[in-house]
Participant: 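Before anything else, here's the structure in question.
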There are 2 protein chains.
Amino acid sequence: MPKKVDHDERRRELVQASWDVLCVDGLEGVSLRRVAQAANCTTGRIAHYFKGRDELLIASLRMAHTQAGARMRVIAESETDPLKRLRAILLESLPLDARRLKEWQVWLSFWAVSIGHKDLSAENQLRYQEWRAALADALRPIVSGKQVSVLADRLVTLIDGLGVGVTLSPTKEARQRAQNEIDIFLKSLN
Amino acid sequence: MPKKVDHDERRRELVQASWDVLCVDGLEGVSLRRVAQAANCTTGRIAHYFKGRDELLIASLRMAHTQAGARMRVIAESETDPLKRLRAILLESLPLDARRLKEWQVWLSFWAVSIGHKDLSAENQLRYQEWRAALADALRPIVSGKQVSVLADRLVTLIDGLGVGVTLSPTKEARQRAQNEIDIFLKSLN
DNA sequence: ATCGTTACGTAACAATCGTAATGTATGGAG
DNA sequence: CTCCATACATTACGATTGTTACGTAACGAT
């Protein structure tokens with residue numbers, strides 16, 4: 001058959017390129033041509049791997065989720081102490097370095113697009129559900145059963161609030177404060 | 001001179017129209033023609049009151065802030081009991097009805113645009129500063145001086161987290177939970 | 001009544017967009 | 001080597017965009 005090319009790898013490259021464009025030019029700057037330029041190819045390649053712009057965008061959002069989810073799972077498995085594990089998960093979810101900041105910028109952007117966009121809205125709901133479930137799992141060994149649900153919700157809210165704050169104003173102090181708030185929350189669990 | 005027309009009122013109409021378009025079609029749908037259609041006029045009128053699309057967008061964001069700020073000030077002056085006042089301010093800041101939900105949708109959208117958009121980013125920073133100051137003022141009569149700053153930051157984070165959650169999934173339960181969280185926070189002040 | 005300014009509709013502009021058709025080089029199967 | 005499916009690049013298309021120049025109707029001052 002034809003050239004040997006890792007289909008998934010190509011898709012990842014293109015999604016990565018769309019992230020780069022999005023973080024520099026903002027959502028409105030994400031055009032197929034601009035993504036192609038960032039990926040060092042032409043729109044032809046994009047058309048070959050995605051049906052259209054919408055599908056590329058959905059893939060971008062989904063990949064941002066799965067990528068973060070994978071990191072969470074690694075952490076969840078590597079750390080055995082329940083409290084340390086929860087702490088590691090929470091810190092990993094914050095935009096504390098360049099890569100995670102980019103992830104958060106992607107998320108914020110898609111929150112906006114999902115307003116008035118059915119498919120993306122559903123996609124977002126799904127990730128919330130998964131994220132909440134992961135937090136609930138991490139909480140279960142620490143607190144009593146009845147509190148798990150309440151605290152999971154509260155953590156989602158806390159992370160969203162901190163994440164937004166740091167993403168919109170990614171200063172050293174904001175990052176430091178976010179970490180502090182996490183530790184304060186964890187302390188309240190005792 | 002020419003026709004008598006309230007300049008500010010016109011600008012408000014056009015901004016209102018841009019909100020309507022934004023909440024239905026999302027950010028990418030906000031074109032001058034579409035805004036004009038929503039405002040029952042042509043792009044000519046928009047051009048007459050705003051230098052261009054960017055200026056319209058900035059005015060939209062700014063007006064969403066000032067409008068919310070005005071409501072806050074009314075509340076702050078009408079309620080004398082410090083704790084009740086703080087509670088009223090916090091509840092007013094959440095997307096608990098259609099109008100405030102629309103405001104939050106506008107904010108979320110502009111968070112996204114402000115990524116990679118210098119002017120809007122600065123505009124956002126400014127509103128954060130004002131919002132934090134307002135919360136600090138409301139906190140001052142309630143807690144000791146040293147805690148004001150910390151708690152103001154924490155409240156900004158809490159409101160952002162709750163607001164995002166409700167805006168992206170505006171269900172009855174989410175709204176109820178948000179109100180609960182506010183009361184739980186207030187209870188912790190004692 | 002006239003005049004000048006204002007308010008805004010109309011329309012044309014180039015640029016950019018997403019999409020799709022077409023061309024072409026490539027490299028493994030036979 | 002031959003062949004053909006694949007992996008793109010190239011290109012063209014029509015639609016839509018922000019912007020701007022121009023036309024005109026309306027109204028307050030004189």
Side-chain angles (χ1 to χ4, degrees), chain A residues 1-22 24-61 109-110 112-114 116-120, chain B residues 1-22 24-61 109-110 112-114 116-120:
Chain A
M1 302 277 200
K3 266 196 272 196
K4 61 146 193 174
V5 32
D6 187 337
H7 201 274
D8 284 343
E9 176 60 22
R10 284 288 191 223
R11 287 174 62 96
R12 227 167 315 177
E13 284 175 20
L14 294 175
V15 164
Q16 178 73 242
S18 80
W19 291 351
D20 293 339
V21 175
L22 187 144
V24 173
D25 298 327
L27 227 188
E28 309 213 64
V30 182
S31 69
L32 294 187
R33 289 170 230 264
R34 215 119 56 158
V35 171
Q37 187 179 351
N40 245 309
C41 66
T42 68
T43 62
R45 184 187 284 189
I46 300 180
H48 191 65
Y49 289 98
F50 300 94
K51 274 190 198 159
R53 197 182 98 111
D54 280 5
E55 199 175 285
L56 171 63
L57 289 179
I58 290 182
S60 292
L61 175 58
S109 297
F110 280 106
V113 197
S114 76
H117 195 301
K118 223 63 181 321
D119 293 343
L120 280 174
Chain B
M1 303 274 197
K3 268 196 272 196
K4 62 147 194 174
V5 37
D6 187 338
H7 202 275
D8 284 343
E9 176 59 23
R10 285 287 191 224
R11 285 174 63 96
R12 225 166 319 180
E13 284 174 18
L14 294 175
V15 164
Q16 178 71 241
S18 80
W19 291 350
D20 292 339
V21 174
L22 187 145
V24 172
D25 298 327
L27 229 186
E28 311 214 60
V30 182
S31 70
L32 294 187
R33 289 169 229 267
R34 214 119 57 157
V35 171
Q37 187 179 351
N40 244 310
C41 65
T42 69
T43 62
R45 183 187 287 189
I46 300 180
H48 192 64
Y49 290 97
F50 300 95
K51 272 191 199 157
R53 196 183 99 112
D54 280 6
E55 199 176 283
L56 171 63
L57 289 179
I58 290 181
S60 292
L61 175 59
S109 297
F110 279 106
V113 199
S114 75
H117 193 301
K118 234 28 183 349
D119 294 342
L120 280 174

Participant: Considering all heavy atoms of both residues, which atom of A:Arg10 and which atom of A:Tyr49 are nearest to each other, and what is their separation?
Facilitator: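 Smallest heavy-atom distance, with atoms named: CG-OH, 3.3 Å.
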
Participant: Please report the closest heavy-atom contact between A:Ala38 and A:Val21, naming both atoms and the distance.
Facilitator: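 Heavy atoms of A:Ala38 and A:Val21 come nearest at CB-CG2, 3.7 Å.
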
Participant: Just how far, in rounded Å, is P of D:dT17 from CG of B:Asp25?
Facilitator: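 One finds 10 Å between P of D:dT17 and CG of B:Asp25, rounded.
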
Participant: Rounded off to whole Å, could you give me the CG-to-C1' distance for the A:Asn40 and D:dA9 pair?
Facilitator: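 Nearest whole value for this atom pair: 13 Å.
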
Participant: In whole angstrom, what separates A:Glu28's CD from D:dT17's P?
Facilitator: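 So the two atoms are 12 Å apart, to the nearest Å.
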
Participant: Under 4.0 Å, counting only non-hydrogen atoms across every strand here, what does A:Val30 touch: a base, just sugar-phosphate, or nothing?
Facilitator: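 Answer is sugar-phosphate: A:Val30 comes under 4.0 Å of backbone atoms only.
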
Participant: Expressed as a whole number of angstroms, how long is the span from A:Arg11:CZ to D:dC8:P?
Facilitator: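 Those two atoms, CZ and P, are 13 Å apart.
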
Participant: Looking only at heavy atoms, which two atoms of B:Ala59 and B:Arg11 are closest? And how far apart?
Facilitator: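 So the two residues come closest at CB-NH2, 4.3 Å.
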
Participant: Minimum heavy-atom separation for A:Ala36 and A:Thr43, please, with both atom names.
Facilitator: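 What the structure gives for the nearest pair is CB-N, 3.6 Å.
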
Participant: Does anything in residues 44-56 of chain A come within less than 4.0 Å of DNA chain C? Heavy atoms only, and list the residues if so.
Facilitator: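 Hits under 4.0 Å, by residue number: A:Gly52, A:Arg53.
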
Participant: Can a side chain N or O of A:Ser31 be found less than 4.0 Å away from OP1 or OP2 on C:dT16?
Facilitator: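 For C:dT16, neither OP1 nor OP2 has a side-chain N or O of A:Ser31 closer than 4.0 Å.
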
Participant: For A:Leu14 and D:dA7, what is the distance between atoms CG and P respectively, to the nearest whole Å?
Facilitator: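 Distance check: A:Leu14 CG to D:dA7 P gives 13 Å.
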
Participant: Give the rounded distance in Å between these two atoms: CZ of B:Arg33 and C1' of D:dA15.
Facilitator: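 Checked: the CZ to C1' distance equals 11 Å.
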
Participant: Considering only side-chain heavy atoms of B:Leu32, which listed nucleotide, D:dT10, C:dC17, D:dT19, is closest?
Facilitator: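 Within the option list, the nearest is D:dT19.
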
Participant: Compare side-chain N and O positions of B:Arg34 against OP1 and OP2 of D:dT16 and report whether any pair is under 4.0 Å apart.
Facilitator: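 No, no such contact exists.
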
Participant: Pairs in or reaching into residues 48-58 of chain A: which pass salt bridge (charged side-chain N to carboxylate O under 4.0 Å, His left out), with residues at least two apart or in two chains?
Facilitator: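 Residue pairs with at least one partner in residues 48-58 of chain A: A:Arg53-B:Glu28.
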
Participant: Out of C:dT10, C:dC8, D:dC8, which nucleotide sits closest to the side chain of B:Thr43?
Facilitator: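 The closest nucleotide is C:dT10.
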
Participant: Look at all strands and tell whether B:Thr42 reaches a base, only sugar-phosphate, or nothing, counting heavy atoms closer than 4.0 Å.
Facilitator: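 Base contact - B:Thr42 has a heavy atom under 4.0 Å of at least one base atom.
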
Participant: Could you pull out the closest heavy-atom pair between B:Phe110 and B:Leu22, with the gap in Å?
Facilitator: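 The pair with the smallest heavy-atom distance is CE1-CD1, 4.4 Å.
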
Participant: Provide the closest heavy-atom pair for B:Ala17 versus B:Val35 in the form atom of the first, atom of the second, distance.
Facilitator: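 Closest heavy-atom pair between B:Ala17 and B:Val35: CB-O, 3.7 Å.
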
